[in-house]
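Chain letters run A, B, ... following the sequence lines, proteins first and then strands; every chain starts at 1.
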Amino acid sequence: MIKREKVVNILQSTVFNREITVLGWVKTFRNNQFIALNDGSCMSNIQIVVDFANTSEDILKKITTGAAISITGQLVESLGKGQSVEVKATAIEILGESDAEKFPLQPKKHSLEFLREIAHLRFRTQTFNAVFKIRHKLAFAVHQFFNDKGFVYLHTPIITASDAEGAGEMFRVTTLDFDATPRNEDNSINYKEDFFGRSANLTVSGQLEAELGAMALGEVYTFGPTFRAENSNTTRHLAEFWMIEPEVAFADLEDNMNLAEDLLKYVIKYAINHCPEELAFLTNRLAEEEKNKPQAERSDLDLMAKLQFCLDNNFERLTYTEAIEILKRSKPNQKKQFKYLIDEWGADLQSEHERYLVEKHFKKPVILTDYPADIKSFYMRMNEPDEQGRKTVRAMDILFPGIGEMVGGSQREERLDYLKTRMGEMHIPEDELYWYLDTRKFGTAPHAGFGLGFERLVLFVTGMTNIRDVIPFPRFPKNAEF
RNA sequence: UCCUAAGUAGCUCAGCUGGUUAGAGCAUCUGACUGUUAAUCAGAGGGUCCCUGGUUCGAGUCCAGGCUUGGGAGCCA
């Protein structure tokens, strides 16, 4: 067993002049004398003082940025400024060398674009140390939140045979030999020969399966990987991402909104309470980035203040129809500054409109509800048409500043006849979803749920701006390295 | 997929209306110094100028096609 003390504990220790062993990776080696050592247990480094006069040249040469080393020495109060404790090394062991000519990380600022190209090494930077710690804490907080409320964590399938969900392009799953695919008489591919005896895909959503669980367990949630084969090239989309999808029986849209707002506030608060060092670092990092931006593009609140603001204020709730009225009267619409002008009820909101509502008009998270039925999915509950005969569904989207849509959800259509009518209109084959329809045949009940994009949450909390920097190994078009 | 900008040393970037041997800072290496905080000082090495064609006496620079990346848009979480 390797006996060692973690840097996080050493830095807080007040018991001096005792021998300790610390293992970690060298961040810098200054003046042939001072090692900044990090073991991942916290963002800060421990300073190791090397008696270079009594250390072999061979060892000194191998103390390079990136090398893994073991230090045994005396924990003492630091003689220098900048740190309170340090370790006077008495024994140095090189565990793993790091060729200084080849190791790409230098003790200096690197661009996020460059670090993305070395995603296998970017964990070793402070920024990614902070991002992935926060990511972990947020994931843990999600489970804690739901567990405390009595929800059941449901593992919905990653491989699905259904291609009727309509949530986007899917990745095919097959064991067929591409060079010799079995064919039917009409030359179409014979999926009966495939592994599952039918065509299969990676899941684009666990919602339909979660609904099945909710109809017995009452309150369930999923938290798993989700795959979309869209050719999306943005700072907000990934081909493989993680989604949290609660589904609650005996709940309406208002319950759904309350649940989503409570969840978001809970996990953000959890991050603030459990990642103070990481958030302070990222707040500072973002502030430095903003210094390079023109005044007009800088935000009034820093990252910590933004998170706190989010906790202290209720999300603004309004209907799509109300939002359209606000947008119609808005300055950018009247002055024709929007690329897509708002003139008619029924149009889908573009991201410039969402941004206006969230960032300019309300200046806080916004929950939009009751969208036109024509632009939403088949499973959303139909409202009674309004006095003008306009049809809306009980949908809700939660929009966040800088992120856009963080949550998309709805009260589900529990009435079999309404559901079948909608499926017919939207050309969704009933026979493929017979199991879904069965829930409406046998003891149907009002229920609601939503999908929360986990990486978008991490984006918001960390203040990072590209979604590819908040997941360890991002998958996006033309990129699946590592 | 569309619009737009970019691709030059390990990194960040400069390179003018086409013209000798393509530069800087940091990093690396060598030496000096030794309580440093991205240490400092001196010196040295380091290039498929994204790829393929084309124009030209001559292309890092101009043209065409392609690849990749950043930003914006669409699709969405």
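A side-chain N or O of A:Thr28 and one of A:Arg30 form a donor-acceptor pair less than 3.5 Å apart. A:Ser56 and A:Asp58 share no donor-acceptor pair across their side chains, judged by distance under 3.5 Å alone. Side-chain contact annotation: A:Tyr379 with A:Glu211, donor-acceptor N/O pair under 3.5 Å absent.
Residue A:Glu117 contributes atom CD, which lies 13 Å from atom P of B:U68 at whole-angstrom precision. Following rounding to the nearest Å, A:Leu105 (CG) and B:A38 (C1') show an atom-to-atom distance of 13 Å. Atoms CD (A:Glu240) and P (B:A77) sit 17 Å apart, rounded to a whole Å. Look at CG on A:Leu459: it is 11 Å from C1' on B:A77, rounded to the nearest Å. Separating the OH atom of A:Tyr221 from the C1' atom of B:A77 is a distance of 18 Å, rounded to the nearest angstrom. Put simply, NZ on A:Lys478 is 6 Å from P on B:U1, counting in whole angstrom units. When the P atom of B:A77 is taken as reference, atom CG of A:Leu264 falls 15 Å away, rounded to whole Å. Atom P of nucleotide B:A27 and atom CG of A:Leu121 are separated by 20 Å, given to the nearest angstrom.
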What are the atom names and distances for every N/O pair under 3.5 Å that joins the protein to nucleotides 70-72 of chain B?
unit_1, atom_1, unit_2, atom_2, d
B:G70, OP1, A:Arg116, NH1, 2.5
B:G70, OP1, A:Arg468, NH1, 3.2
B:G70, OP2, A:Arg468, NH1, 2.9
B:G71, OP1, A:Asn466, ND2, 3.4
B:G71, OP2, A:Asn466, ND2, 3.3

Distances under 3.5 Å only, N/O to N/O: pair up the protein atoms with those of nucleotides 28-36 of chain B.
unit_1, atom_1, unit_2, atom_2, d
B:U28, O2', A:Glu101, OE1, 3.3
B:U34, O2, A:Asn31, O, 2.6
B:U34, O2, A:Asn31, OD1, 2.7
B:G35, O6, A:Lys88, NZ, 3.1
B:G35, N1, A:Glu86, OE2, 2.8
B:G35, N2, A:Ser78, OG, 3.4
B:G35, N2, A:Gly80, N, 3.1
B:G35, N2, A:Glu86, OE1, 2.7
B:G35, N2, A:Glu86, OE2, 3.1
B:U36, O4', A:Asn31, ND2, 3.3
B:U36, O2, A:Arg30, NE, 2.9
B:U36, O2, A:Arg30, NH2, 3.4
B:U36, N3, A:Gln47, OE1, 3.0
B:U36, N3, A:Gln47, NE2, 3.1
B:U36, O4, A:Gln47, NE2, 2.6
B:U36, O4, A:Gln83, NE2, 2.9

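Not one side-chain nitrogen or oxygen of A:Gln106 sits closer than 4.0 Å to the OP1 or OP2 atom of B:A38. For the pair A:Asn45 and B:U37, the criterion of a side-chain N or O lying under 4.0 Å from OP1 or OP2 is not met. Taking side-chain N and O atoms only, A:Ser232 has no distance below 4.0 Å to OP1 or OP2 of B:C76.
Under the Watson-Crick or G-U wobble criterion, with both distances below 3.5 Å, B:A73 is paired with B:U1. Of the nucleotides present, B:U30 is the one that pairs with B:A42 by Watson-Crick or G-U wobble criteria, both distances under 3.5 Å. Across all strands shown, B:C13 forms a Watson-Crick or G-U wobble pair, both distances under 3.5 Å, with B:G23. Partner assigned to B:U48 is none, using Watson-Crick or G-U wobble distances below 3.5 angstrom. B:U61 makes up no base pair with any nucleotide shown, lacking Watson-Crick or G-U wobble contacts both under 3.5 Å.
At a threshold of 4.0 Å, the pair A:Lys133-A:Glu277 does not count as salt-bridged, since none of the basic side-chain nitrogens sits closer than that to a carboxylate oxygen. A salt bridge is absent between A:Arg381 and A:Asp252: the closest approach of a Lys/Arg side-chain nitrogen to an acidic carboxylate oxygen does not fall below 4.0 angstrom.
Distance noted for atom C1' between B:A27 and B:G10: 7 Å (whole Å). For the P atoms, the distance from B:A9 to B:A14 is 12 Å, rounded to whole Å. Using atom C1' as the reference point in both B:G71 and B:C16, the two lie 27 Å apart (nearest Å). Using atom C1' as the reference point in both B:C49 and B:A24, the two lie 16 Å apart (nearest Å). For B:U56 and B:G19, the C1' atoms lie 12 Å apart once the distance is rounded to whole Å. If you take atom P in B:A59 and the same atom in B:G53, they sit 14 Å apart, rounded to whole Å. Separation of the C1' atoms belonging to B:U69 and B:C11 is 16 Å when rounded to the nearest angstrom. Nucleotides B:U8 and B:C13 place their P atoms 9 Å apart, quoted to the nearest Å.
For residues 59-113 of chain A, every residue pair satisfying the ring pair (Phe, Tyr, Trp, His ring centres under 6.0 Å) rule, not counting sequence neighbours, is listed here: A:His110-A:Phe114.
A ring-centre distance under 6.0 Å is found for A:Phe223 and A:Phe454. The six-membered or imidazole ring of A:Phe473 lies near that of A:Phe123, with a centre-to-centre distance under 6.0 Å.
The distance from atom NZ of A:Lys376 to atom CZ of A:Arg394, rounded to the nearest 0.5 Å, is 13.5 Å. Note that CG of A:Leu318 is 8.0 Å distant from NE2 of A:His361, once rounded to the nearest 0.5 Å.
Side-chain contact check for A:Phe34 versus A:Val49: some heavy-atom pair is nearer than 4.5 Å.
Taking every side-chain heavy atom of A:Phe241 into account, B:A77 is the closest of B:U69, B:A77, B:C11.
Where A:Gln350 and A:Met243 meet RNA chain B, the nucleotide closest to each residue was compared, and A:Gln350 sits on the side nearer the 5' end.
Within 4.0 Å (heavy atoms only), A:Leu238 reaches at least one base atom of the nucleic acid.
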